[in-house]
Amino acid sequence: VDTDPAVQRLLDREAITRLVHAYCRHFDQAEPDELAALFTDDAVVDYGPESGQTRGAAALRDSVAVGLATLFAATSHHVSNIEIDHVGPDEAVGHTYLYAWHRYRDGRADSELWGRYLHRFRRTPSGWRIASLELRAAGSRDFHRQRMHPIGRASP
Amino acid sequence: VDTDPAVQRLLDREAITRLVHAYCRHFDQAEPDELAALFTDDAVVDYGPESGQTRGAAALRDSVAVGLATLFAATSHHVSNIEIDHVGPDEAVGHTYLYAWHRYRDGRADSELWGRYLHRFRRTPSGWRIASLELRAAGSRDFHRQRMHPIGRASP
Amino acid sequence: VDTDPAVQRLLDREAITRLVHAYCRHFDQAEPDELAALFTDDAVVDYGPESGQTRGAAALRDSVAVGLATLFAATSHHVSNIEIDHVGPDEAVGHTYLYAWHRYRDGRADSELWGRYLHRFRRTPSGWRIASLELRAAGSRDFHRQRMHPIGRASP
């Protein structure tokens, strides 16, 4: 089939959006293997200055598995305002809003986070994958991290 | 027109997404007739173990009408993370995130629900309709139901 | 290219959705110039009966700039349930859910708003622009405005 380039980009953006949704679903269902499989082998993930960067899907899997098993009793990651831009036929960047709710295993107050995901996506032979993820925060309530990357508000 | 099958599925998923949005809008605007018209005549709806299943659009209409008239003073159903998969040309399943806010008529505290809709959709001669809906909860605050279907977190 | 009309409408709705996302992003990043550039020169904006209508992108820019510099320390505008309908090839209307979180400069409690944007969009030689915006509220908590346009719930 000789697909219209505009349609191909629509289909790409839909596939990438599905990747972001799958990330949330696997996180909230506590499935670190399935979550890590959404990333490239060399993916860089940065949840904030208190966590440091994670390099590689395998390291991400281990890091997320610890958090899911020891910190969170339940989570819910609601994404919206998804803006995806191709920077080449096989590479794209994304800016996504996150509203996340968390319940903790130790019984402290539930927390909420109003944040952003900055993503880089790469098309691989197996389909689109997340090549990098950076979490930024507009604000939070009772969140377990004190310092977060800011969204870069012009008038702070 | 000889539509590209990939484009046809995009258009289907958009029509189904509109159905989910219309459900939220009619619920929040307290329009049970318009809400029930989005379902197949034999639709099965399950809001949780305390409610029991509702069978048929007519029974759903009556059940929702009672809740809208007696329990809720205002509601807001925000859906996101919508994942729709065809299981045939005229049938699809959906997994959708719900963030819902509710105000009650009797003045108790407002509630919030972080949940999921599991849908089955069917194409009818009048267009896509909701054939089944199951509500699951990741968590809630001050919600009027105590027991809910869980989202199935692997590490509870 | 002789684009399928159904595909053209898909592309239009995606471009319009991007406009709504850009509005949120520029608001939350405190960029009033970039925000105002999303509107037609004659755009009418109505945030509620306490604000009165703003007429024109330039007046909107000034009004938003004051709010961003004096009232809000941080905001996060999460949009979902976006329903866009063409009312002609170059005009469309939209009904969008808003969940907004606000932190204030004077240290009062953070607020939340569960609302709706009613939009009118127009295709201009520079692309789609917002021709009108009306904000309606289903409910709020600790919001800085007391009176808001209601969403029009049938059974109040």
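Residue numbers start from 1 in every chain, and the chains themselves are labelled A, B, ... in the order their sequence lines are given, proteins ahead of strands. Worth knowing before you read on, the calculation uses all heavy atoms, side chains too, and leaves out hydrogens, waters and symmetry mates. The model shown is predicted, which means the values in this text are computed figures rather than measured ones.
B/S140 approaches A/R103 most closely through the heavy-atom pair O-NH2, 3.3 Å. The shortest heavy-atom contact between A/A74 and B/R153 is CA-NE, 4.0 Å.
Taking the six-membered ring where tryptophan is involved, the planes of A/Y99 and B/W114 are tilted, since the angle between them lies from 30° to 60°.
Between the CG atom of A/L11 and the CG atom of B/D4 there is a distance of 7.5 Å, given to the nearest 0.5 Å. For the atom pair A/Y23 OH and B/N81 CG, the distance stands at 12.0 Å (nearest 0.5 Å). Rounded to the nearest 0.5 Å, atoms CD (B/E83) and CZ (A/R25) are 4.0 Å apart. The distance from atom OH of B/Y97 to atom NE2 of A/H77, rounded to the nearest 0.5 Å, is 8.0 Å.
For CZ of A/R123, the number of neighbouring non-hydrogen atoms (other residues, nucleotides, ligands) closer than 6.0 Å is greater than 12. Crowding of B/R141 atom CZ: a count of heavy atoms from other residues, nucleotides or ligands under 6.0 Å exceeding 12. Few gaps surround CZ on B/R145; more than 12 heavy atoms of other groups in view lie less than 6.0 Å from it. Residue A/D41 places its CG atom among 12 or fewer non-hydrogen atoms of other residues, nucleotides or ligands, all under 6.0 Å distant.
For B/H95, the part lying under 4.5 angstrom from a heavy atom of chain A is the side chain only. For B/R13, the part lying under 4.5 angstrom from a heavy atom of chain A is the side chain only. Of the two parts of A/R18, the backbone and the side chain both hold a non-hydrogen atom closer than 4.5 Å to a non-hydrogen atom of chain B.
Per-residue counts of heavy-atom pairs under 4.5 Å with chain B were compared for A/I82, A/D28, A/L68; the largest is that of A/D28. Most heavy-atom pairs under 4.5 Å with chain A: of the set B/V7, B/V79, B/I151, this distinction falls to B/I151.
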(request) Evaluate the criterion side chain to side chain contact (heavy atoms under 4.5 Å, CB included) for residue pair B/R9 and A/E14; output intermediate values, then yes/no. (result) CA-CA 11 Å; B/R9 284 192 296 272; A/E14 206 204 24; over 6 Å; no
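With no hydrogens or angles considered, a side-chain donor-acceptor pair links B/R116 and A/S76 at under 3.5 Å.
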